[in-house]
Protein chains: 2
Amino acid sequence: MQTLFTNPKVDPSQHPDLNQYFAFGISVDCVVFGYDGVDVKVLLIKRGTEPFLEYQAIPGDLVHPKEDAVTATQRVLKDLTGLQNIYLEQLQTFAGVDRHPLGRVATIAYFSLLRIEDYNPKPSSWATDAQWTPIQQLGEMAFDHKEIFDVALERLQRRVRHKPVGFELLPTEFTLTDLQHLYETLLNTQFDKANFRKKILAMGLLLPLDKMRKAVRYRPARLYKFDPNRYEALSNRGFLFEL
Amino acid sequence: MQTLFTNPKVDPSQHPDLNQYFAFGISVDCVVFGYDGVDVKVLLIKRGTEPFLEYQAIPGDLVHPKEDAVTATQRVLKDLTGLQNIYLEQLQTFAGVDRHPLGRVATIAYFSLLRIEDYNPKPSSWATDAQWTPIQQLGEMAFDHKEIFDVALERLQRRVRHKPVGFELLPTEFTLTDLQHLYETLLNTQFDKANFRKKILAMGLLLPLDKMRKAVRYRPARLYKFDPNRYEALSNRGFLFEL
DNA sequence: ACAAAAGTGTTACACGTACACCCATGA
DNA sequence: TCATGGGTGTACGTGTAACACTTTTGT
């Protein structure tokens, strides 16, 4: 019989009734958001295995017995989609009794934002597909993944209002209009151009570059990048800006 | 041998190597905050059992095999401290490999705010004590409970700035000065009396009562209560006020 | 009358909002 | 020169911060 205890100093026979409490599985699922200049997208796989064969799913899998959750998430993301070195933030844990047909599995959901251009997903392991999917075009999803996605999207929208998420979602160089479009897409609103610019620039997070976006048939826009130092400084104090 | 699968339709012998993945324990821990008019306090128990016998701890215990996490938390809180019908919000899950000496246990931490006057904790089960403890007076705590507490406190402080937490922490009837003291304590700052009042009243969340606080040797202050309707309305839209 | 806290009004200034206007480019 | 989006200035109203002031109670 498989030992249920990781610490050999504890004798399981001293706690015979404890075994039933050590029969949970733990999985991780990671909702990865990206932006391509037009749509907000989420990285989804197609399952090549039962249960939920062929269903769309958030990338995720069971955690190994001696692996911590963040490590597991990085491993699973790499195995299924090829993505590596992703910044992860814990979202929420879903622990419903019947959420997994194979047994009692609680899943720790993670959340990530990244520049879509930097990551080209390639399905492997039991994932038969891995695609950036516009968040309006979600099909039926495996397990309770739709619910997980909804919670993640809510978090993203809340996040936009408190942290400069453009830092993570936009290419390194971008125009103020790019940034405004991102915010308008995420929050599903419209902003006044002049006021948006004033507010964003007043935060002092952006460094103007000596570059313009070219090859457009109208006036070229100045490119900016985020100032990582200023971002750090504000991060620690917890921003709190509103749009 | 104990079956590891809750769903009898799945035959475990079909997945022999899967057993090692179903050897986790899951616990819940609940950080309950209260306010007594002077201090912010947290509900802690003293452990009457190994491991960490006699240590201060956040109330929590292992989840039963067919019990969902919120139900488990309510049960555990009632068993250990007598508190019932508490509003819970999920905080974060702590899943470090070595955080529990008995085996691999991930804990789902919950978070709660309540009126201290309404709840008089009584230790039972394996808790030998249950006390409202001022958050400055924390001793050494069991497991990684200090870390969990720190995350909870951070959440509380962030929360104060976005939701009117007084709603949950103050007695039903309170004065504007009570509310101001609460905010000053939580955020560790000072506010101008006149400006604080103007701002709070402008939110329209408070209903003035035809009552005064009496038996004080200075001018009696008007009592207020929260307007639950207005709170609901703003809740859905996600407040976002700052102080 | 005094102490102590309740409660209000005034002013200066920062900031958000609305909107009008000019600028640079390719076709 | 026109269409298109880039980019800026101003004027107005609201909100914030600082601070002085008045009011009401018990002793």
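Just so it is clear: chains get the letters A, B, ... in the order the sequence lines come, proteins before strands, and each one is counted from 1.
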Quiz item: Any N or O donor-acceptor pair linking the side chain of K198(B) to the base of dG15(D) at under 3.5 Å?
Solution: no

Quiz item: To the nearest angstrom, how far is K214(B) atom NZ from dA4(C) atom C1'?
Solution: 20 Å

Quiz item: Would you say dG16(C) has OP1 or OP2 under 4.0 Å from some side-chain N or O of K199(A)?
Solution: yes

Practice problem: Provide, to the nearest angstrom, the distance between the CZ atom belonging to F191(B) and the C1' atom belonging to dA6(C). | Solution: 19 Å

Quiz prompt | Given DNA chain D, 5'-ward residue of the pair D192(A) and Y218(A), judged by closest heavy atom | solution = Y218(A)

Exercise. Could you state the atom-to-atom distance from CE of M212(A) to P of dT4(D) in whole Å?
Key: 22 Å

Exercise. Return the value, rounded to whole Å, for the distance between atom CG of L176(B) and atom C1' of dA5(C).
Key: 13 Å

Quiz item: Rounded to whole angstrom units, what separation is found between the CZ atom of F196(B) and the P atom of dG9(C)?
Solution: 19 Å

Quiz item: R219(A) or N195(A): which one's nearest nucleotide on DNA chain C is closer to the 5' end?
Solution: N195(A)

Quiz item: Would you call K225(A) and L209(A) a side-chain contact if the rule is heavy atoms closer than 4.5 Å?
Solution: yes

Quiz item: When we call it a touch if two heavy atoms are under 4.0 Å apart, what does A221(A) touch: a base, just sugar-phosphate, or nothing?
Solution: sugar-phosphate

Quiz prompt | Aromatic plane relationship, F226(A) with F167(A) - under 30° parallel, 30 to 60° tilted, over 60° perpendicular | solution = perpendicular

Quiz item: Near E117(B) CD, under 6.0 Å, is it more than 12 heavy atoms from other residues, nucleotides or ligands?
Solution: yes

Quiz item: Taking D150(B) for the side chain and E147(B) for the main chain, is one N or O donor matched with an acceptor at less than 3.5 Å?
Solution: no

Practice problem: Give the rounded distance in Å between these two atoms: CE of M203(B) and P of dT14(D). | Solution: 20 Å

Self-check item: Rounded interatomic separation in angstrom, taking CD1 from I200(A) and C1' from dG7(D)
Solution: 15 Å

Quiz item: Taking only N and O in the side chain of T177(B), is any of them less than 4.0 Å away from OP1 or OP2 of dA6(C)?
Solution: yes

Quiz item: Can you check the R222(A) CZ to dC23(C) C1' distance for me, whole Å?
Solution: 14 Å

Practice problem: Give a yes or no on whether a salt bridge exists between R155(A) and E89(A), defined as a side-chain N under 4.0 angstrom from a carboxylate O. | Solution: yes

Practice problem: Could you tell me whether the side chain of K193(B) has a donor or acceptor atom within less than 3.5 Å of a complementary atom in the base of dA5(C)? | Solution: no

Quiz prompt | Any R197(B) side-chain nitrogen or oxygen under 4.0 Å from OP1 or OP2 of dG7(C) | solution = yes

